[in-house]
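A quick note: this is a predicted structure, and the numbers were derived from the prediction, not measured. All residue numbers in this chain count up from 1 along the given sequence.
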Amino acid sequence: MDQFDVVVIGAGAAGMMCAIEAGKRGRRVLVIDHAAAPGEKIRISGGGRCNFTNINAAPANFISANPHFAISALRRYTAKDFIAWVEREGIAYHEKTLGQLFCDNSAKEIIAMLTGAMRQAGVTLRLKTTVERVEQEDDGFSLETSGGRVTCDALVIASGGKSIPKMGATGFGYDIARQFGLNVVETRPALVPLTFEVGMLERLKPLAGVAVDAVVSCGKTKFAEAMLFTHRGLSGPSILQISSYWREGQAITVDMAPGVDIAATLKTARQTRGKQAAITVLSEHLPRRLAQLILDEAAAPSNAGDLSDKAIGRIATAVNAWTVKPVGSEGYRTAEVTLGGVDTNGLESKTMQAKAVPGLFFIGEVVDVTGWPRRV
């Protein structure tokens, strides 16, 4: 039997950060993960370049049943603090869009930074190890693992959510929360592509692979970034963001030419460029395949000069206010994060400790706090 001061279940970003800080404070720390390597989701994030933070990160950028819960943590450790660490390690990075920071080279540099800091802090890391049972004892916790029994004074659950199950994601953390009497806010896939019904897919089939800058709205929430038509529906940054707010049965509205009044543009073209093809005019603001499909569905005449007010209205609506109702999402298989999780009402915001279970902590994606880069 092994005895530690702290056992962290999960060698992802949250788990490793926690282990480093605990080790720095002189605690004997063990990190357990069932994967063959630490930081697997870090490795694939940002297309392999790890979008490791956002310079605009603030409490308002997080979704939770308790929107105030993240304030304490984010004020005490900011994006600037992490960026300073990255710079001390000599890791080159760049800002891509909307404050998102990516490694110039590889996400593996961030993993190496974290694992190196764990080694320096004296943290023990056990991979390919599963936790089969957790029990509370008078002086802490007992864990039955595939590598034997482990006891600890403090137990940290950093096992993540359900997103990307092919990488081993499970609901383990939620099961532990329920075991100890904590509530779990209903979970659902987020930052995930949205899907259409068969008839809509057939209509939009020619657009698969077409990308366009767009403002995508759902209710009062909207995001402005690229949107991509796929064989299943819609994807791209703006769609992934709105998916965190969209619910089954709701429609989304898309402006595929932000800042351009398509109705006014076509009316001007009708007067000044009447002999020019309508597809030529519309293609100045949209990818040609998309422009052609919109004109076809609006039954528009070939020349701009022949466009009626009704035809212009149909085209303008299809471009500036296309309203469509997805039937679902691609689910946890492709979701980048999990919405919902361990109810923050049961946790101390300054320590992440379970209020009713001293020594038990929940951190990271397993908690009901989910972030987004930027909303319009």
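Here the side chain of S217 pairs no donor or acceptor atom with the backbone of K222 at under 3.5 angstrom. Between the K41 side chain and the S163 main chain, a donor and an acceptor come within less than 3.5 Å of each other. When atom types are taken as modelled, the side chain of H34 and the backbone of G168 share a donor-acceptor pair closer than 3.5 angstrom. Between the side chain of D368 and the main chain of A65, a donor-acceptor pair closer than 3.5 Å is present. The backbone N or O of A257 lies less than 3.5 Å from a partner atom in the side chain of D255, making a donor-acceptor pair. Counting only distance, with no hydrogens or angles, the side chain of T145 and the backbone of G148 share a donor-acceptor pair below 3.5 Å. The main-chain N or O of G10 is never found under 3.5 Å from a side-chain atom of S159 such that the two would form a donor-acceptor pair. Checked by atom type and distance alone, the side chain of N51 never pairs as donor or acceptor with a backbone atom of L101 at under 3.5 Å. Using modelled atom types, one side-chain atom of S308 and one backbone atom of A311 make a donor-acceptor pair closer than 3.5 Å. Although no hydrogens or angles enter the test, the distance criterion places no donor-acceptor pair under 3.5 Å between the side chain of N320 and the main chain of D261.
Aromatic pair F102/F52: centroids not less than 6.0 angstrom apart.
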Problem set entry | Test side-chain hydrogen bond (donor to acceptor under 3.5 Å, both in side chains) applied to E87 and Y93, step by step | CA-CA 9 Å; E87 291 177 343; Y93 66 89; 2.5 Å; yes
For this session: Show the numbers, then the answer: is there a side chain to side chain contact (heavy atoms under 4.5 Å, CB included) between M16 and I42?
Result: CA-CA 11 Å; M16 287 192 282; I42 297 175; 4.0 Å; yes
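No option in V8, T124, T129, L125 other than T129 meets the side chain to side chain contact (heavy atoms under 4.5 Å, CB included) test with I32.
At a threshold of 4.0 Å, the pair D2-R126 counts as salt-bridged, since one of the basic side-chain nitrogens sits closer than that to a carboxylate oxygen. Between R188 and E248 there is a salt bridge, since a side-chain N of the basic residue sits under 4.0 Å from a carboxylate O of the acidic one.
Heavy-atom neighbours of R232 CZ from other residues, nucleotides or ligands within 6.0 Å: at or below the threshold of 12. Sparse packing is recorded around CZ of R75, with 12 or fewer heavy atoms of other residues, nucleotides or ligands lying under 6.0 Å away.
As a member of the Ile/Leu/Val/Met/Phe/Trp/Tyr network built from side-chain separations under 4.5 Å, M167 groups with I44, I164.
Note: the hydrophobic cluster containing M227 also contains M200 (ILVMFWY, side chain heavy atoms under 4.5 Å, direct or indirect links). Transitive grouping of hydrophobic side chains (ILVMFWY, heavy atoms separated by less than 4.5 Å) keeps V366 and V337 in distinct clusters. Hydrophobic clustering places F180 together with I9 (ILVMFWY residues linked when any side-chain heavy atoms are closer than 4.5 Å, directly or through intermediates).
Residue pairs that meet the side chain to side chain donor-acceptor pair (under 3.5 Å) test with at least one member in residues 348-361, sequence neighbours left out, do not exist here.
For the residue pair R149 / S142, a side-chain donor-acceptor distance below 3.5 Å is found, with atom types taken as modelled.
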